[in-house]
Protein chains: 2
Amino acid sequence: MPKLGMEPIRKAALVKATIVEIGRVGSLDVTVSQIAKRAGMSSALAHHYFGSKEEMFLAAMRHILTLYGAEVRGALALADGPESRLRAVLAASFSAANFRREAVGAWLNFWVLAQTVPEAKRLLKVYQGRLRSNLLAGLRPLAGDRAVPIAEGLGALIDGLYLREVLKSGPPDRELAVTTALNYLNSKLEGARP
Amino acid sequence: MPKLGMEPIRKAALVKATIVEIGRVGSLDVTVSQIAKRAGMSSALAHHYFGSKEEMFLAAMRHILTLYGAEVRGALALADGPESRLRAVLAASFSAANFRREAVGAWLNFWVLAQTVPEAKRLLKVYQGRLRSNLLAGLRPLAGDRAVPIAEGLGALIDGLYLREVLKSGPPDRELAVTTALNYLNSKLEGARP
DNA sequence: GTTTTTGTTGATTGACGAGTCAATAAACTT
DNA sequence: AAGTTTATTGACTCGTCAATCAACAAAAAC
């Protein structure tokens, strides 16, 4: 009973399943069969649509980055003024959608993937660049020359908070993460204000 | 020509080789044969001494943690006063020995390992705990009640700087990392001083 | 109504890799 | 000197898994 136009649906299901499985298993050692099973199809079909496991991983990364990008853009649209924009970026970074065990676990593994797969590295750099320029846009009016190092530090802090989330048991504490980041920001800005 | 008392020597060689190979390949997908070859022996011998690949990984983690611990202790011994102790911890964290591609790459992969292997998680928590208490010891006299969140943030920042090191091409910039962390620290302390 | 395109899978291939084992040899023990 | 312990490896087993293929089904195109 093959219905037509399945391709996008199946691909989407596979991408989702890839993220879930990587998050669940906690490593990139997930088999195509596992992923395909979770997505409700045979492994052969997964290969049919993606060609290789690596392509599946990359598609999953792109998806997470896209989601994150959309979330940031949405939050930025509602913000006005540099300070509010900075808050928006942080809120999006630690939003319920992004800052959950599953996604964070996948994220960590993408970092590992980036060590071997150039395209993965490229994608991660795109993310870093976007984050950086978003932060800089908010910071420059507030901190002038000192914006660059502050953005650097804040970016690292965000990544570090993600990393620590992985080790924790229990549910993610988004409040705490946002507070920590805001705290950093405030102490920096106070130092820079006239 | 079997000389006696080889066990510790071979184990040490394997541990070293494990770290190098993980760092080189950039993932935990290194074969026991690769590691054994680099350590100058057969894979059978590696299994003979460690029993399993997982044990090898854990031994490598313990080794890195031990080195790091020793470095911190050494630096702390020379320091006097809380501020100087904080600097010592940071300097050790970004020392040439710890903050090099190879070690950082291995570190990242241990994080991944911690998601699956409970003992790896335990070890990483030990590291976090030590770092935390070292930072707190220095921070409490300077920041009182605010010491805890500052330590939390600083810990995450250090991990984040490690993480970012992985993505960079070119040699590690220890200066920059230390400066960034010190910067964070200073802006925090200024805010807390009377 | 036949041909082509799209969807789908069970079965198979081929490679690779962790862990085991039997065998060999040197050194230590008694 | 006979026996035991330690060191060492090549060859083998056994599983697993990515990727391919042949085959089948339904819709679309002609």
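Small disclaimer: the values here were computed from a predicted structure and weren't measured. In the text below, chain A, chain B and the rest are named by the order of the sequence lines, each starting its count at 1.
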Side-chain atoms of B:Leu4 come closest, of D:dT6, C:dT20, C:dT8, to D:dT6

Round to the nearest Å and state the distance from A:Ile9 atom CD1 to C:dG7 atom P.
10 Å

Looking only at C:dT8, D:dA7, C:dA18, the nucleotide nearest the B:His47 side chain is C:dA18

Return the polar atom pairs (N/O with N/O) between nucleotides 2-5 of chain C and the protein under 3.5 Å, or none.
none

Please tabulate, for the side chains in residues 17-27 of chain B, all donor-acceptor contacts under 3.5 angstrom to protein atoms that are two or more places apart in sequence or on a different chain.
unit_1: B:Thr18; atom_1: OG1; unit_2: B:Leu14; atom_2: O; d: 2.6
unit_1: B:Glu21; atom_1: OE1; unit_2: B:Arg24; atom_2: NH2; d: 2.9
unit_1: B:Glu21; atom_1: OE2; unit_2: B:Arg24; atom_2: NE; d: 3.1
unit_1: B:Glu21; atom_1: OE2; unit_2: B:Arg38; atom_2: NE; d: 2.4
unit_1: B:Glu21; atom_1: OE2; unit_2: B:Arg38; atom_2: NH2; d: 3.1
unit_1: B:Ser27; atom_1: OG; unit_2: B:Asp29; atom_2: N; d: 2.9

Heavy-atom count around A:Lys16 NZ within 6.0 Å, excluding the residue itself: above 12?
no

Student check: side-chain heavy atoms of B:Pro172 and B:Phe94 closer than 4.5 Å
no

Any protein N or O atoms within reach of nucleotides 10-14 of chain C? Criterion: under 3.5 Å, listing atom names and distances.
none

Count the heavy atoms of every other residue, nucleotide or ligand shown that sit under 6.0 Å from CD of A:Glu54, and state whether that count exceeds 12.
no

Using only atom types and a distance under 3.5 Å, with no angle test, would you say the side chain of B:Tyr162 pairs donor to acceptor with the backbone of B:Leu108?
no

Give me the one residue out of B:Arg100, B:Arg174, B:Glu71 that meets side chain to side chain donor-acceptor pair (under 3.5 Å) with B:Ser95.
B:Glu71

Any side-chain N or O of A:Arg10 less than 4.0 Å from the OP1 or OP2 oxygen of C:dT6?
no

Backbone of A:His47 reached by a side-chain donor or acceptor of A:Lys53 within 3.5 Å:
no

Residues within residues 12-41 of chain A bordering DNA chain D, heavy-atom distance below 4.0 Å
A:Val30, A:Thr31, A:Val32

Would you mind reading off the distance between A:Met6 atom CE and C:dG7 atom C1', rounded to a whole angstrom?
9 Å

Regarding A:Tyr49, tell me which of base, sugar-phosphate or nothing describes its non-hydrogen contacts under 4.0 Å with the strands shown.
sugar-phosphate

Identify the heavy atoms of B:Val166 and A:Gln115 that sit nearest to each other, and give their distance.
CG1-NE2, 3.3 Å

List in numerical order all residues of residues 51-64 of chain A for which some heavy atom is under 4.0 Å away from an atom belonging to DNA chain D.
A:Ser52, A:Lys53

Let me check something: any side-chain donor-acceptor pairs from residues 55-67 of chain B under 3.5 Å, sequence neighbours excluded? List them with distances.
unit_1: B:Arg62; atom_1: NH2; unit_2: B:Glu119; atom_2: OE2; d: 3.4
unit_1: B:Thr66; atom_1: OG1; unit_2: B:Arg62; atom_2: O; d: 2.7

